[in-house]
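Presented below is the structure to which this report refers.
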Amino acid sequence: MSCFGGDPNFCPECGNVLPLPGIQDVVRCPRCSFCIPVAEFSGLEIRSSVVFNPVEQSTVTLEDEDSSELKGAVIDRRCSRCNKEGMVYHTRQMRSADEGQTVFFTCINCRYQEKEDS
């Protein structure tokens, strides 16, 4: 039994967001290739929304003593060092191409850096 079952927006096997049903007979998960017959989506209404942050809150440019700049989108992530909200991120392919990217987060307040392998 899968731990991701119950929500038709997500794959019951891996939890990845499923694409919207199209003209094919099945909806295939882009991550694990699990297939769900389109008939299982019959009668369901799928809604989504996009919320944009105001422009002045969505980007940041800071300068420190070394005059290096910190640029990028500010995301809602709490710094584990200063416990303040707001981090900038960038991604880089550090491992082989068939593995996920490494995400680097930098706190906009104390400049603490964290990394996460995705």
Side-chain angles (χ1 to χ4, degrees):
M1 174 136 189
S2 174
C3 61
F4 295 106
D7 190 331
N9 294 313
F10 299 95
C11 175
E13 291 298 311
C14 70
N16 195 53
V17 177
L18 290 173
L20 294 173
I23 58 173
Q24 292 85 12
D25 294 343
V26 294
V27 173
R28 182 179 305 274
C29 174
R31 183 172 184 207
C32 71
S33 297
F34 182 79
C35 293
I36 302 172
V38 171
E40 290 189 25
F41 294 93
S42 179
L44 292 178
E45 182 177 331
I46 299 173
R47 293 177 182 239
S48 63
S49 63
V50 178
V51 178
F52 293 100
N53 291 330
V55 174
E56 56 274 357
Q57 292 179 358
S58 64
T59 59
V60 66
T61 301
L62 298 176
E63 292 188 25
D64 66 356
E65 308 83 45
D66 301 330
S67 72
S68 64
E69 293 184 348
L70 182 61
K71 294 182 180 179
V74 178
I75 60 169
D76 295 332
R77 183 178 171 116
R78 191 169 298 278
C79 176
S80 59
R81 180 196 280 167
C82 71
N83 206 29
K84 291 188 178 176
E85 195 76 29
M87 297 189 93
V88 175
Y89 75 96
H90 70 278
T91 60
R92 188 160 290 162
Q93 187 70 40
M94 302 297 286
R95 297 169 287 158
S96 61
D98 64 338
E99 296 185 31
Q101 298 183 52
T102 302
V103 183
F104 295 91
F105 298 95
T106 305
C107 177
I108 62 171
N109 298 296
C110 70
R111 294 278 183 116
Y112 179 69
Q113 293 186 338
E114 301 174 359
K115 82 170 192 164
E116 182 178 288
D117 293 325
S118 60

Open item on the list: Let me confirm one number: the SG-CE distance from C110 to M87, rounded to the nearest 0.5 Å.
Closed with: 7.0 Å
Task: Heavy-atom side-chain proximity of C79 to N109 below 4.5 angstrom - done: no
Task: Euclidean distance, N16 CG relative to R31 CZ, rounded to 0.5 Å - done: 6.0 Å
TODO: Using a 4.5 Å cut-off on heavy atoms from C-beta on, say whether the side chain of T91 contacts that of T102.
DONE: no
Open item on the list: With rounding to the nearest 0.5 angstrom, report the CG to CD1 distance, L18 to I36.
Closed with: 5.0 Å
Task: Atom pair OG1 (T106) and CD (Q113), whose distance is rounded to the nearest 0.5 Å - done: 4.0 Å
- [ ] Flag yes if more than 12 heavy atoms outside R78 fall under 6.0 Å of its CZ atom; otherwise flag no.
- [x] yes
- [ ] Count the heavy atoms of every other residue, nucleotide or ligand shown that sit under 6.0 Å from CZ of F104, and state whether that count exceeds 12.
- [x] yes
Open item on the list: Quick check on D117: does its CG atom have over 12 non-hydrogen neighbours (other residues, nucleotides or ligands) under 6.0 Å away?
Closed with: yes
TODO: For residues G86 and V74, report the shortest heavy-atom separation together with the two atoms involved.
DONE: CA-CG1, 3.9 Å
Task: Salt bridge E114-R77, side-chain N to carboxylate O under 4.0 Å - done: yes
Task: For F34 against C11, the heavy-atom pair lying closest together - done: CB-SG, 3.9 Å
